[in-house]
**Student:** 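Can you keep this structure in mind? I'll have questions shortly.
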Amino acid sequence: MLKESLEMFHLDENTWRAVADQFTRELDMAGVGESSSLKILPSYSSAPRGNEKGNYTAIDFGGSNLRVMQIKLQGQGSYRIIKQLSRPLRDPQGRYDYTGPHTTGEDVFGWVADLVAELLMGISTDGLGFTFSFPMKQQSIDSACLISWTKELKPAGTIGKDPGVMLGDALKSRGIKLKPAAIINDTVAVFLAGCYHDSAVCAGSICGTGFNTCILDYNQWKYPMIVNTEAGNFSRLPLIYYDKVLDSQTENPGQQLMEKMVSGKYLGELLRVTLKDMGERGAWSDYDPSLQIWNQPFAIKTEVMDWMQKETPQARLLLAGWMAEKGIPARAENYQLFTSLVKVIVQRAIMLIAASYFSVLQRNPLLYGERQLIAVDGALFKHWPGFLAGTEKILQRELQDRSVFLTYTENGSSIGAAIAAALSLVP
Ligand code: BGC
């Protein structure tokens, strides 16, 4: 019965190609304004030249941590981080939790403004770039309208409003006269940061708490425009039973289906749902329904999955501690069960992401001869062994007419915000 569960996560070659084809179809539909699970949201930003310079303040809001940085762009693709601060969305000591149900827009944007105020103490700035990583429709580089929240965040009174104005108001009430010169999605930021360095970048993508990709669109604009596809919402996917169970328990059922199959926020939950089901069907003898973990959504973090797949003595030790804490017997069979499930869940995520990139790269004209780069960022690409290389390998196997690489763009979400501010203020 373990074999059955493992096989459910397997993607065969035909299904993989069908996913890529459907992704292309959905992009095309979004491009002509037809109903689609993907979007073509213009960023009003074009590729940078690499010579942008100045001292900018960058906000990265949209993952598990809020980050603010003062960044010096030095031209020739180089930059220096002058100062940085970071705060988790949920305080580990329990003093605050902005993912909670009673949070308002004022709470959240006030919190962001407080951190900017702290960063700017004793520092002057040439402008502010705001990476805001949620679906929004932009009217220009510095104005946008919030479409929806994802990643289980839902501050009240914010949908339809401009995140830049909400932040600007919060800054103003703290005595800071600074409005974002640019508001961008994190994938756009990663694109800009990657491209600042190497002009062969033709897409930007994040796989961290959430998942998404932006691409260059040549069709409808005066210049090749970076557009956000909200790829995490892609829905023409071979969902299995466990995906459906997970989805039905989230705050946004039916939405962000791709994200729920590939991103850091959900992979641990997918494992938990699978183990619980196997236990309930009698396929796992050490399952104890009275343990809290089986009734507590999101009780398995991606970090724990990492210990499960590593099989090193240190990882085993950490895992044993975690199992003892949760009340799961530390038996060899259990380690083996966890390891094999984690492998198939992550391998499926890699294949799905690769299918979406394959579609994106095929649509893109080979402008720079035979090199095509996708700038990537996010915890999965950064920390998960083989995640970046595994995705890249599939693309290289499938696209032998060009040389495709994924380029990990450290701090892309922040560096890109600084570049966007520079592009907006010094066009
Ligand atoms: C959001 C995207 C964002 C992605 C990665 C998704 O949940 O909808 O806008 O780019 O997460 O942070």
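Note that this is a predicted model, so its numbers are computed, not measured. Read the numbers this way: they start at 1 and go in the same order the structure lists the ligands and their atoms.
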**Student:** Just which atoms of ligand 1 are under 4.0 Å from any heavy atom in Thr150?
**Tutor:**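 Counting atoms of ligand 1 from 1, those under 4.0 Å from Thr150 are 1 (C), 6 (C), 7 (O), 8 (O).
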**Student:** Is the NZ or CZ atom of Lys72 both under 6.0 Å from the centre of the six-membered ring of Tyr79 and within 45° of that ring's axis?
**Tutor:** no
**Student:** Does even one non-hydrogen atom of Gly232 get within less than 4.0 Å of ligand 1?
**Tutor:**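 False for this residue.
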**Student:** Taking 4.0 angstrom as the limit, do Asp306 and Lys310 come out as a salt bridge?
**Tutor:** yes
**Student:** Tell me, please: is Gln256 in heavy-atom contact with ligand 1, that is, under 4.0 Å?
**Tutor:** yes
**Student:** Going by atom types only, do Asp247 and Gln249 share a side-chain donor-acceptor pair under 3.5 Å?
**Tutor:**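 Side-chain D/A pair, Asp247 to Gln249: absent.
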**Student:** Can a salt bridge be assigned to the pair Glu26 and Arg236 using a cut-off of 4.0 Å between side-chain N and carboxylate O?
**Tutor:** yes
**Student:** Using a strict threshold of under 4.0 Å (side-chain N to carboxylate O), is an ion pair present between Lys276 and Glu269?
**Tutor:**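 No, Glu269 and Lys276 are not salt-bridged.
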**Student:** Report the residues that fulfil salt bridge (charged side-chain N to carboxylate O under 4.0 Å, His left out) with Lys154, sequence neighbours left out, ordered by chain and then residue number.
**Tutor:** Glu251
**Student:** I need the nearest protein heavy-atom contact for atom 6 (C) of ligand 1: residue, atom name and distance, please.
**Tutor:**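 I find the closest protein heavy atom is Glu259 OE1, 3.0 Å.
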**Student:** Would Lys151 count as being in polar contact with ligand 1, using the rule that some N or O on each side must be under 3.5 angstrom apart?
**Tutor:**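 Looking only at distances, the answer is yes, because the N/O contact criterion of under 3.5 Å is met.
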**Student:** Considering the heavy atoms of Pro135, write down every atom of ligand 1 situated less than 4.0 Å from one of them.
**Tutor:** 8 (O), 9 (O)
**Student:** Output yes when the distance from some N or O of ligand 1 to some N or O of Glu230 is under 3.5 Å, and no in every other case.
**Tutor:** yes
**Student:** Distance to 0.1 Å, residue and atom name: give those for the protein heavy atom nearest to atom 5 (C) of ligand 1.
**Tutor:** Asp186 OD2, 3.2 Å
